[in-house]
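The block underneath contains the structure these notes are about, expressed in structure tokens.
Numbers restart at 1 for each chain; the letters A, B, ... are given by sequence-line order, proteins then strands. Source: prediction; values computed, not measured.
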Amino acid sequence: MTASATSTADFLLRNVVEALPAGALEAKLAEGRPLRVKLGIDPTASDLHLGHTVVLRKLREFQDLGHVVVLIIGDYTARVGDPSGRSDQRPMLAAGEIDLNARTYRDQAFRVLDPERTEVHHNGEWLDMRVDALFALARTATVAQLLERDDFAKRYAAREPISVLELLYPLLQGYDSVAVRSDVELGGTDQTFNLLLARDVQHAYGVAPQAVLTLPILPGTDGLRRMSKSAGNYIGVAEPAEEVFGKLMRVPDAAMPLYYELLLDRPFDPELAAVESKRALARELTARFAGVDAATAAESRFNRLHVDRVTPEDVEEGPLPPGDPVHLPSLIADSFGVSRGEARRLLAQGGVRLAGKPLDIADIDVPADRLDGEILQLGKRRFRRFHRPR
RNA sequence: GGGGGGAUGUCCGAGUGGCUAAAGGAGACGGGCUGUAAACCCGUUGGCUUACGCCUACGCAGGUUCGAAUCCUGCUCCCCCCA
């Protein structure tokens, strides 16, 4: 092995939790050719989120060294639903929904990846196979082997259901590796089993087994559970700048070191005040995905809203309903999409402001004059200005 | 084929005839505090109603009862075990 292959490997192994089997990556690099580095993403949600970008950034590093990324949109595997890290079965997605999601993935992935060095495939290209081909694939692993997987083992022990289809998932993912002849595959640590099983599948098909790199899982905005759409704790790369910035400011302080390590190129400074390090992170990441201008605007709006507590001027406008006085619960319910009961509750809790001043439950009916041209605020973040229709 | 268990509010999960719009937790939301949409504290969390209150709700359809999430019958769906 050459010295340069070793130092390149060291660079590529930064942040990597495990590189399996030992020395496999170095050996591949030593071949001196552009490697095919695989990442599979199932289009189960419409957006890529920051959690995905941890792996995407690592792929980018490979690209910058001249290697080729093979991005697989798992349109077929999405129909199975990867059970990794889940304790219950996933609902199958409708084909139309999957197609819709798949379309947006490529564009979003290219916010991080270099399109020039990326091959994109849908695994329906090869997984739409004949039954005898599927039989051949199914023969490459045993039930005992598949039950080795941690979450399968737990569910089996707990007598929870495991469908045969789920059991098949790792094999399908492994077949992807055969089809694209991947040299290296990346994934989160929850993917370790699948990534390794792919080696066996490749071997069974007479293809050189891939090296496997696993990366840490990024926690979501709750700072606890892995970032995912279904947990509702995700930050999408295509979200409006304001959302990205605000959501990042909502991430618990305790998760900051990990966010720095996995998403930024510079280390977390424990000396810096929590707010400042979070702010810097939010600024940088928002700029990365939404652009510098949008990030700057998002930050200043955030400051006005949450630091200065100033009512913004540029808010959505709407007409006042006919009738005077105006029944506030109805107006709030219709404008903000909450129920009248909730509007009433918010009013009673001091969560409704008119022109910056809190209203209370006595203000259930308000003269149209008081509302005309003024801004109604619901909670901290929802605003609307009303005008009397002419 | 046989036996057993289950379906409760956004989610998880108590509840076996009235005190149950339904414990508890999570989440979400509001307020307070704050250089954060962090942490922490308090509160709210089915719909309609200024309010009294009314309506809807515990898989679906019937039934028993003064009264049912709780009992009975049928149905649908799900899970486990044995074969």
Side-chain angles (χ1 to χ4, degrees), chain A residues 50 86-92 154-166 219-225 227-235 239-260 268 270-286 298-310 312 325-334 336-354 356-367 376-383:
Chain A
L50 292 185
R86 299 190 138 247
S87 55
D88 51 11
Q89 290 177 292
R90 262 185 167 174
M92 275 180 63
K154 278 188 188 136
R155 284 161 63 183
Y156 190 68
R159 297 183 162 186
E160 281 165 8
I162 301 169
S163 78
V164 173
L165 192 60
E166 289 178 90
T221 51
D222 55 3
L224 297 172
R225 293 168 300 166
M227 182 174 285
S228 79
K229 170 115 176 188
S230 55
N233 62 358
Y234 76 109
I235 303 174
E239 288 192 83
E242 250 171 67
E243 283 296 306
V244 174
F245 192 92
K247 281 183 175 183
L248 283 166
M249 292 302 285
R250 185 165 68 184
V251 173
D253 294 351
M256 275 305 109
L258 201 50
Y259 266 61
Y260 264 76
F268 175 75
E271 299 299 312
L272 204 57
V275 203
E276 283 317 317
S277 56
K278 194 183 292 185
R279 201 173 258 285
L281 173 108
R283 189 181 299 140
E284 201 166 324
L285 289 178
T286 306
E299 181 172 6
S300 62
R301 188 180 172 91
F302 180 92
N303 287 342
R304 287 199 303 277
L305 217 55
H306 300 290
V307 180
D308 306 333
R309 303 290 177 97
V310 175
V326 175
H327 190 53
L328 225 39
S330 306
L331 181 67
I332 293 169
D334 296 344
F336 296 104
V338 300
S339 74
R340 281 142 210 265
E342 186 174 358
R344 227 169 257 116
R345 259 178 257 126
L346 288 169
L347 208 50
Q349 290 177 117
V352 181
R353 290 183 166 82
L354 179 60
K357 288 191 285 285
L359 298 174
D360 62 63
I361 196 66
D363 297 306
I364 202 96
D365 291 298
V366 175
L376 193 67
Q377 176 178 2
L378 195 67
K380 290 173 184 149
R381 300 159 52 201
R382 286 172 284 185
F383 304 90

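- Not one N or O on the side chain of A:Glu239 forms a donor-acceptor pair closer than 3.5 Å with the backbone of A:Ala241.
- Salt-bridge formation is detected for the pair A:Glu243/A:Arg381: a Lys NZ or Arg NE/NH1/NH2 atom is positioned less than 4.0 Å from an Asp or Glu carboxylate oxygen.
- Of the residues near RNA chain B, A:Ser330 and A:Val275, the one whose nearest nucleotide (by heavy atom distance) lies more toward the 5' end is A:Val275.
- The nearest whole Å value for the distance from the CG atom in A:Leu347 to the P atom in B:rU49 is 13 Å.
- Among the heavy atoms of the strands lying under 4.0 Å from A:Phe302 is at least one base atom, whether or not backbone atoms are also near.
- Using Watson-Crick or G-U wobble geometry with both donor-acceptor distances under 3.5 Å, B:rC60 finds its partner in B:rG74.
- Protein atom CZ of A:Arg345 is 15 Å distant from nucleotide atom P of B:rG31, rounded to whole Å.
- Between A:Phe383 and A:Leu305, some side-chain heavy-atom pair lies under the 4.5 Å cut-off.
- Between A:Leu272 and A:Met256 there is no side-chain heavy-atom pair separated by less than 4.5 Å.
- Using a 4.0 Å heavy-atom criterion, one finds that A:Glu242 contacts the bases of the nucleic acid, with or without backbone contacts as well.
- Judged by distance alone with a 3.5 Å cut-off, a donor-acceptor contact links the side chain of A:Asp253 to the base of B:rU36.
- Residue A:Arg382 is in sugar-phosphate contact alone, with no base atom involved, counting any heavy-atom pair closer than 4.0 Å across all strands shown.
- With P as the reference atom, B:rC75 and B:rA21 are 32 Å apart, rounded to whole Å.
- A:Gly350 comes within contact range of the sugar-phosphate backbone alone, with a heavy-atom separation under 4.0 Å but no base atom that close.
- Applying the 4.0 Å criterion to OP1 and OP2 of B:rU49, one finds that A:Arg344 has a side-chain N or O inside that range.
- A:Arg279 is listed as a side-chain neighbour of A:Asn303, based on a closest heavy-atom distance under 4.5 Å.
- Distances were taken from every side-chain heavy atom of A:Leu346 (C-beta onward) to each of B:rG30, B:rA37, B:rG35; the shortest belongs to B:rG30.
- The closest side-chain heavy-atom distance from A:Lys278 to A:Tyr259 is not below 4.5 Å.
- OP1 and OP2 of B:rG46 both lie 4.0 Å or more from every side-chain N or O belonging to A:Ser339.
- RNA chain B is contacted by both A:Val307 and A:Arg353; A:Arg353 maps to the nucleotide lying nearer its 5′ end (nearest heavy atom per residue).
- Residue-to-nucleotide contacts include no donor-acceptor pair under 3.5 Å from the side chain of A:Arg250 to the base of B:rA38.
- Within the structure, every side-chain polar atom (N or O) of A:His306 is placed at least 4.0 Å from both OP1 and OP2 of B:rU36.
- Base engagement by A:Ala273 is indicated by at least one non-hydrogen atom pair under 4.0 Å involving a base atom.
- Pair assignment for B:rU20 gives none, since no Watson-Crick or G-U wobble pairing has each distance under 3.5 Å.
- When both distances must be under 3.5 Å, the Watson-Crick or G-U wobble mate of B:rG27 is B:rU45.
- Applying the Watson-Crick and G-U wobble criteria (two distances, each under 3.5 Å), B:rG1 pairs with B:rC82.
- Nucleotide B:rA69 is matched to nothing when pairs are restricted to Watson-Crick or G-U wobble geometry with both distances under 3.5 angstrom.
- Nucleotide B:rG35 forms no Watson-Crick or G-U wobble pair with any nucleotide shown, as no partner meets the under 3.5 Å limit on both distances.
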